[in-house]
Amino acid sequence: MEFGANDNGNGNGDAKPQGLRFLIYGRTGCIGGLLGQICEAQGIPFAYGSGRLENCESLRADIAAVQPSHVLNAAGATGRPHVDWCEFNKIETIRSNVIGALNMADVCWEKGLPLIFYSTGCMFDYDSDHPIGSGIGFTENDASNYSGSFFSKTKGMVEDLIKNYENVCILRVRMPLLSDLSHHRNFIKKIIGYERVVNIPNSMTVLDELLPISIEMAKRNLTGIWNFTNPGVLSHNEVLEMYRDYVDPNFTWKNFTIEEQAKVLAAPRCNNELDSTKLKQEFPEILSIKESAIKYVFEPNRKKMNIVA
């Protein structure tokens with residue numbers, strides 16, 4: 001068990017902010033890794049769990065060793081290089097996204113611990129009640145209407161079960177953007193590498209802005225389902241236009257249709273707008289998706305490019 005933020009694991013580290021101590025799962029993932037960095041910056045004692053999510057006893061052992069105030073679960077199967085992996089590795093996906101997630105929620109409930117569960121909003125697709133461009137987003141009360149990919153199917157299934165645990169805060173993350181443009185989980189990194197992209201408005205999550213807010217949500221012991229996206233939507237072209245304007249003026253791309261995209265994918269992709277009213281009411285300072293992307297992602301990278309130049 002490895003501890004961070006000046007905590008040696010026996011309670012004799014530096015004073016803990018507000019008595020906090022986090023147990024984090026998903027160390028090798030994008031969100032899990034960033035959570036550790038945020039805790040370090042805020043001086044919050046934390047440890048990464050070493051137990052396997054599909055093994056309840058190993059989770060109990062982690063909790064006994066760390067004695068956390070909160071558990072943050074950012075572990076799960078999303079596939080590399082993308083979610084098509086889940087189509088060909090269904091057992092592994094079930095063990096991680098369904099059995100593992102349920103085990104974590106149940107063990108935390110058993111131990112009386114708040115759990116922040118970093119999940120996904122890729123369980124919805126535009127429909128007649130939520131048309132593209134209408135500004136009518138899916139709310140936290142809406143059940144999943146999309147199971148076109150096995151990844152989305154498992155996530156929709158497990159959310160419907162985990163929402164019954166009153167100790168769990170479920171965060172629906174979508175198409176994450178982050179300032180590290182080299183990270184393979186960055187939506188920008190993904191689409192700049194594609195030969196062609198669709199052009200559809202979608203809700204997105206700027207991790208540099210919202211992950212610190214998830215820490216604040218833990219401090220407030222918030223629970224329930226939250227659409228964890230910045231207000232508004234961005235299309236693929238809008239993201240790529242900002243990348244061109246701020247980072248690479250020579251960048252070009254081509255579009256294709258959803259029907260053409262389907263021919264090169266093992267599973268279709270969903271597109272949606274999530275209603276972020278609930279999150280915005282709790283945290284009024286949250287920026288719109290375009291403002292946030294410029295401030296936290298593109299402006300810092302333009303400054304880096306100018307320094308290099």
- [ ] Can you sort out the partners of E291 under salt bridge (charged side-chain N to carboxylate O under 4.0 Å, His left out), two or more places apart, ordered by chain and number?
- [x] none
- [ ] Evaluate the criterion side-chain hydrogen bond (donor to acceptor under 3.5 Å, both in side chains) for residue pair D127 and N145; output intermediate values, then yes/no.
- [x] CA-CA 9 Å; D127 59 18; N145 74 339; 3.1 Å; yes
TODO: Step by step, work out the side-chain contact (heavy atoms from CB on, under 4.5 Å) result for R220 and E282.
DONE: CA-CA 11 Å; R220 298 183 189 183; E282 184 73 26; 2.8 Å; yes
Task: Inter-residue atom distance F298.CZ - R244.CZ, 0.5 Å rounding - done: 11.5 Å
Task: Side-chain hydrophobic cluster, 4.5 Å single linkage: members besides F138 - done: M123, F124, L274
TODO: Tell me, please, which residues at least two apart from Y25 pass ring pair (Phe, Tyr, Trp, His ring centres under 6.0 Å).
DONE: none
- [ ] List for me each residue that meets ring pair (Phe, Tyr, Trp, His ring centres under 6.0 Å) alongside Y126, sequence neighbours excluded, and say none if there are none.
- [x] none
TODO: Tell me, please, which residues at least two apart from H183 pass ring pair (Phe, Tyr, Trp, His ring centres under 6.0 Å).
DONE: none
Open item on the list: Within this structure, what is the CZ-CE distance for the pair R269 and M175, rounded to the nearest 0.5 Å?
Closed with: 9.5 Å
Open item on the list: Hydrophobic cluster membership, with links at side-chain heavy-atom distances under 4.5 Å among I/L/V/M/F/W/Y: are L161 and L59 in one?
Closed with: yes
Task: Heavy atoms of other groups near E195 CD, more than 12 under 6.0 Å - done: no
Open item on the list: Can you see whether E54 engages N103 through a side-chain donor-acceptor pair at a distance of less than 3.5 angstrom?
Closed with: no
Task: Reported OG1-to-CZ distance for the pair T120 and R172, which is rounded to 0.5 angstrom - done: 9.5 Å
Task: No-hydrogen, no-angle side-chain donor-acceptor test under 3.5 Å, S276 and N227 - done: no
Open item on the list: Can you tell me which residue among N272, T229, N271 is in a side-chain hydrogen bond (donor to acceptor under 3.5 Å, both in side chains) with N202?
Closed with: N271
- [ ] Check whether the side chains of E273 and S203 place a donor and an acceptor atom closer than 3.5 Å, and report yes or no.
- [x] no
Open item on the list: Consider side chain to side chain contact (heavy atoms under 4.5 Å, CB included). Of N230, V297, L210, L207, which one does L177 pass it with?
Closed with: V297
Task: Heavy atoms of other groups near W109 CH2, more than 12 under 6.0 Å - done: no
- [ ] Without swapping roles, check the side chain of D62 against the backbone of S50 for a donor-acceptor pair under 3.5 Å.
- [x] yes
Task: Flag if over 12 foreign heavy atoms under 6.0 Å of CZ, R95 - done: no
Open item on the list: Under a 3.5 Å distance rule, please check whether T93 uses its side chain to pair with a backbone N or O of N89 as donor and acceptor.
Closed with: yes
Task: Whether over 12 other heavy atoms sit under 6.0 Å from K280 NZ - done: yes
Open item on the list: Looking only at the side chains, is there a donor atom on one of N237 and S235 sitting less than 3.5 Å from an acceptor on the other?
Closed with: no
Task: With sequence neighbours excluded, residues passing ring pair (Phe, Tyr, Trp, His ring centres under 6.0 Å) with F283 - done: none
TODO: Inspect the surroundings of NZ in K278 and state if more than 12 heavy atoms from other residues, nucleotides or ligands are less than 6.0 Å away.
DONE: yes
Open item on the list: Using 0.5 Å steps for rounding, measure from the NZ atom of K111 to the CD atom of Q67.
Closed with: 9.0 Å
Task: CZ (R52) with more than 12 external heavy atoms under 6.0 Å - done: no
Task: Inter-residue atom distance K90.NZ - N97.CG, 0.5 Å rounding - done: 13.5 Å
Task: Full working for side-chain hydrogen bond (donor to acceptor under 3.5 Å, both in side chains) between D208 and S179 - done: CA-CA 7 Å; D208 300 74; S179 55; 2.7 Å; yes
Open item on the list: Is the distance between the ring centroids of F46 and H70 under 6.0 Å?
Closed with: no
- [ ] May I ask you to check whether Y243 and F251 place their ring centres under 6.0 Å from each other?
- [x] yes
- [ ] Determine yes or no for a side-chain-to-main-chain donor-acceptor pair under 3.5 angstrom, with D160 supplying the side chain and G156 the backbone.
- [x] no
